[in-house]
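Letters go in sequence order (proteins before strands), and every chain restarts at 1.
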Amino acid sequence: MKEQVSALLRKALQELMAKGAIPGCDLESLSVSVPSRKEFGDFSTNIAMVLASQTKRRPREIAEIIQESMAGLHDVFDRVEIAGPGFINFSVTPKMWVRVLHTILEEKERFGTSGFGKGKKVQVEFVSANPTGPLHVGHGRGAAVGDTLARVLRAAGFEVESEYYINDVGNQMNILGLSVFCRYRELFGQETPFPENGYKGEYIRDIARKLIDLRGEELLALPKDEAIALCRKFAAEIILDGIREDLELFNVHFDHWFSESTLYRDHKVEHTMDFLKDRDLSYEADGALWFRTTRFGDEKDRVLRKQDGSLTYFAPDIAYHKDKLERGFRKIIDIWGADHHGYVPRMKAAIEAMGADRDCFHALLIQLVSLVREGQPVSMSTRSGEFVTLREIIEEVGKDVCRYFFMMRRSDAQLVFDLDLAKKRSDENPVYYIQYAHARICSILRNASELGHVPDVSRLEEDALTTGDDLDLIKMIAGYPDLVVSCAADLEPHRISFYLLELATAFHRFYNRNRVISDDSRLTMARLILVVAVKQVLANALGLMGISAPESM
RNA sequence: GCGCCUGUAGCUCAGUUGGAUAGAGCAACGGACUUCUAAUCCGUAGGCCAGAGGUUCGAAUCCUCUCAGGCGCGCCA
């Protein structure tokens, strides 16, 4: 609808400009918005004020010219008014609004999708936790945000690939192997000093036990290095399988799992190092190899190869992102913990060094999640192995609640996860509130069906819905496609959760003040179609968040 | 010391990227079930948008400074 209004306005402006009645300007920046107050109509534009400020003419004078040129569109607008300093406000006719219902019922689960992204290839990489332990709540937030964003971008017409980067190379993997080996030996009564920086969680013992089930005491006889390597491989596989299961349980699916080790296997790290060297973007100093990131706006150069000859984490990461570029992604989105924010400038530098536009890379930073139970913070620390896993939370409060709660805040704001609230089945819990709206509609439809009322769009009469309550609801769902676009454009998927809450509120209000099924068969049909449309939008938006839309509760 | 993020109602937070009289939810208070699911609704109250300057027709939003909190500033990952 907004698009239609925008198009009509654009057409009117073009004609006026051609006649020289108003100053010219590029129509790209034309902004049509939904005003904050109902009295200001359905849509509003500030174009007259923008044009006026460019030419020192009075805004209202220009507004009047535009108003006049659009006054004839009676089938679309009830009113075109000038208000305030020079806003032009449009009120769309009820008939036009009712037509939106046709669109929704025809498009069904496709309603809200658009061609905004124009098929541009975009990659969203998220979670990417090291396979050294189970996913914890922090990873859960990244998973919820990343998966929702991927779905949102897809709906907005981007060609999206979601990816999990497996850090299966490097020191932390050796420590993992060593940690498991120590527990393994302990289980045979061979006391072994546990590494200072080892993984202390109980899951390490579980893995050691599984290893014993499979291989018995075989490893004790092997050379230590070999035994540790075996432990490492075994542990990584088990942990990664666990991560996959947890994500599946969380309704998060990846299109692609990318293993860091393949970068070495395929010599991509090596080639990247050569690439930088050939362009004089790296140099030797103090026995190390440095990348000239300062050429691309970083505050200091960064080490690629350490004095001891081993690579930093950064080196394969550059190769990884080079690979992303080579795979043809025009927009690369990485979702990281906020504690990695210092890493953004050097990654942008790397992107630019590889000849791409630095703005095609986006790092979405996810802030900390803290858990609260009975008003008390739940203590967590990864180091000591005392952390609450994602799986525990899902099992305690349910997948749907969990996904919603992680999306209740902007991703760069800290999140307090209230476990007691999450389990409450009342109006305080937004998830049940929203799902209840969906279930209620399903119930109405069941009752209607028993009475022989079957929603049929072809029998929808355009003047059957006239009350403010009916139209408010239509306007709300009509705005859904714009919401999806704005979430995709700004990479802010959390807005979906707020929209859902507002839509559910609008529906519950409607329900309490109006009857869908009544003696008036014309109105009954129209309202049935209206609630089917609301149900569809609720389901579509919940779907973007990976949350179920129950038929009954 | 330098850099990034945050500061909006008693609490938790939105605010569509500069628009009109700043909005929700919870908590508080008062109401609504003979009615399609009360896991619901309606009403009341609640504000120096941390503070001070600046930019302009117009600022919670942009710029500068100050204050408060969080996080970074590894040849860790």
Side-chain angles (χ1 to χ4, degrees), chain A residues 31 33-37 39-40 44-46 49-50 52-53 56 58-59 83-87 89 130 132 167 169-173 175 197 286-290 299-300 302-314 317 337-345 365 367-368 408-410 412-416 418 421 424-437 439-448 450-451 453 479 482-483 485-487 489-490 492 494-495 497-499 501-502 504-505 507-518 524 527-528 531 552-553:
Chain A
S31 132
S33 60
V34 178
S36 52
R37 303 174 65 84
E39 307 93 89
F40 300 144
S44 170
T45 181
N46 63 350
M49 285 163 346
V50 173
S53 66
K56 302 287 174 207
R58 279 203 304 278
F87 290 102
N89 297 332
N130 297 340
T132 55
N167 292 119
V169 180
N171 203 32
Q172 85 277 355
M173 295 307 292
I175 294 169
N197 51 3
D286 306 326
L289 182 69
W290 298 73
E299 55 185 14
K300 58 179 170 183
R302 307 292 172 175
V303 172
L304 295 169
R305 195 186 330 103
K306 302 178 239 177
Q307 281 182 339
D308 68 5
S310 65
L311 295 173
T312 60
Y313 176 83
F314 190 35
D317 219 18
D339 51 341
H340 287 64
H341 71 79
Y343 200 74
V344 178
L365 302 174
Q367 268 290 0
L368 230 69
M408 282 201 302
R409 303 277 174 270
R410 266 204 345 257
D412 61 359
Q414 292 192 14
L415 173 77
V416 177
D418 185 331
L421 174 61
K424 247 181 224 168
R425 289 169 187 271
S426 75
D427 54 348
E428 291 171 60
N429 189 328
V431 187
Y432 295 120
Y433 181 84
I434 294 161
Q435 290 182 322
Y436 184 49
R440 250 185 168 174
I441 294 173
C442 291
S443 172
I444 294 171
L445 295 174
R446 280 192 296 268
N447 290 326
E450 277 173 27
L451 294 168
H453 300 291
D482 286 334
L483 169 84
V485 167
S486 90
C487 289
D490 302 336
E492 293 197 347
H494 73 283
R495 288 182 199 159
S497 72
F498 287 90
Y499 173 81
L501 199 56
E502 281 173 26
T505 303
F507 172 73
H508 286 310
R509 181 191 299 123
F510 176 88
Y511 178 89
N512 273 274
R513 298 207 297 214
N514 305 278
R515 288 196 58 85
V516 175
I517 302 165
S518 66
T524 299
R527 283 195 167 150
L528 277 175
V531 297
S552 66
M553 288 173 74

May I have the distance from [X] (atom [atom1]) to [N] (atom [atom2]), rounded to whole angstrom?
| X | N | atom1 | atom2 | value |
| --- | --- | --- | --- | --- |
| A:E39 | B:rU21 | CD | P | 11 Å |
| A:D412 | B:rU17 | CG | C1' | 14 Å |
| A:D317 | B:rC76 | CG | C1' | 14 Å |
| A:D490 | B:rG15 | CG | P | 10 Å |
| A:E492 | B:rC13 | CD | C1' | 14 Å |
| A:Q414 | B:rC5 | CD | P | 15 Å |
| A:L365 | B:rG70 | CG | P | 19 Å |
| A:R495 | B:rC13 | CZ | C1' | 15 Å |

Okay, side chain of [X], backbone of [Y]: is any donor-acceptor separation there less than 3.5 Å?
| X | Y | answer |
| --- | --- | --- |
| A:E492 | A:R410 | no |
| A:N514 | A:F510 | yes |
| A:T505 | A:L501 | yes |
| A:R305 | A:V303 | no |
| A:D308 | A:S310 | yes |
| A:R409 | A:Q414 | no |
| A:S44 | A:V34 | no |

(message) Could you write out RNA chain B as dot-bracket? Rules: Watson-Crick or G-U wobble, both distances under 3.5 Å, brackets [ ] for crossings, | for pairs with another strand, dot for unpaired.
(response) (((((((..((((.....[...)))).(((((.......))))).....(((((..]....))))))))))))....
(request) Give a yes/no verdict on base stacking between B:rA14 and A:F498: centres under 5.5 Å, planes within less than 30° of parallel. (result)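 Here A:F498 fails the 5.5 Å or the 30° condition.
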(message) Is there aromatic stacking of A:F40 on B:rA20 here, judged by a ring-centre distance under 5.5 Å and a plane angle under 30°?
(response)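 So A:F40 counts as stacking on the base.
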Could you tell me how far [M] sits from [N] if I compare only their [atom1] atoms? Round to whole Å.
| N | M | atom1 | answer |
| --- | --- | --- | --- |
| B:rG70 | B:rU64 | P | 24 Å |
| B:rC2 | B:rU66 | P | 9 Å |
| B:rA45 | B:rG30 | C1' | 11 Å |
| B:rA20 | B:rC65 | P | 28 Å |
| B:rA59 | B:rG53 | C1' | 14 Å |
| B:rU21 | B:rA50 | C1' | 23 Å |
| B:rA24 | B:rC71 | C1' | 29 Å |
| B:rU61 | B:rU55 | P | 15 Å |

What contact category does [X] fall into here, base, sugar-phosphate, or nothing, at under 4.0 angstrom with non-hydrogen atoms?
| X | value |
| --- | --- |
| A:Y433 | sugar-phosphate |
| A:Q172 | sugar-phosphate |
| A:S552 | base |
| A:S44 | base |
| A:A439 | base |
| A:H494 | sugar-phosphate |

Is a donor-acceptor pair below 3.5 Å formed from side chain [X] to base [N], judging by atom type as modelled?
| X | N | value |
| --- | --- | --- |
| A:H341 | B:rC71 | yes |
| A:R37 | B:rU21 | yes |
| A:N46 | B:rG19 | yes |

Counting heavy atoms from C-beta on, name the nucleotide in [options] closest to the side chain of [X].
| X | options | value |
| --- | --- | --- |
| A:N130 | B:rU16, B:rA77, B:rU37 | B:rA77 |
| A:V303 | B:rG15, B:rA39, B:rC75 | B:rC75 |
| A:Y313 | B:rC57, B:rA38, B:rA77 | B:rA77 |

(message) Walk along nucleotides 25-36 of chain B from 5' to 3' and tag each nucleotide B, S or - by protein heavy-atom contact under 4.0 Å, base first, then sugar-phosphate.
(response) -SS-------SB
(request) Establish, yes or no, whether the cationic atom of A:R440 lies under 6.0 Å from the six-membered ring centre of A:F507 and within 45° of the ring axis. (result)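 Negative - A:R440 is either too far from the ring of A:F507 or too far off its axis.
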(request) Could you verify whether a donor N or O on one side chain and an acceptor N or O on the other, from A:S518 and A:T524, lie under 3.5 Å apart? (result)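 Side-chain D/A pair, A:S518 to A:T524: present.
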(request) For residues A:P345 and A:E299, determine if any side-chain heavy atom of one lies less than 4.5 Å from a side-chain heavy atom of the other. (result)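 In short, these two side chains do not touch, never coming nearer than 4.5 Å.
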(request) Give a yes/no answer on whether the side chain of A:R410 brings an N or O atom under 4.0 Å of OP1 or OP2 in B:rU6. (result)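 Yes, because at least one side-chain N or O of A:R410 sits under 4.0 Å from OP1 or OP2 of B:rU6.
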(message) For B:rC2 and A:K300 - does any side-chain N or O of the residue sit under 4.0 Å from the phosphate oxygens OP1/OP2?
(response)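 So the side chain of A:K300 is outside the cut-off, no N or O lying under 4.0 Å from OP1 or OP2 of B:rC2.
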(message) If we check side chain to side chain contact (heavy atoms under 4.5 Å, CB included) with A:L289, which of these qualifies: A:T312, A:L304, A:L311?
(response)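 For A:L289, the side chain to side chain contact (heavy atoms under 4.5 Å, CB included) check succeeds only for A:L304.
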(message) Quick check on B:rU17: syn or anti? Syn means the glycosidic torsion is within 90 degrees of zero.
(response)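 You should classify B:rU17 as syn.
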(request) Have a look at B:rC33 and give me syn or anti from its glycosidic angle (syn if within 90° of zero). (result)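 Here the answer is syn: the torsion falls within 90° of 0.
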(request) By nearest nucleotide on RNA chain B, pick out whichever of A:D308 and A:A338 is the more 5' one. (result)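 With A:D308 and A:A338 compared, the 5'-side residue is A:A338.
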(message) Need to verify one output field. Residue with the more 5' nearest nucleotide on RNA chain B, A:R446 or A:E299?
(response)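 Upstream on the strand: A:R446.
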(request) Please round to the nearest 0.5 Å and tell me the distance separating atom CG of A:N429 and atom CG of A:D418. (result)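 One gets 9.5 Å once the value is rounded to the nearest 0.5 Å.
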(message) As an exercise, state the distance from NE2 of A:H508 to OH of A:Y436, rounded to the nearest 0.5 Å.
(response)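 Answer for the NE2-OH pair, A:H508 versus A:Y436, is 7.0 Å.
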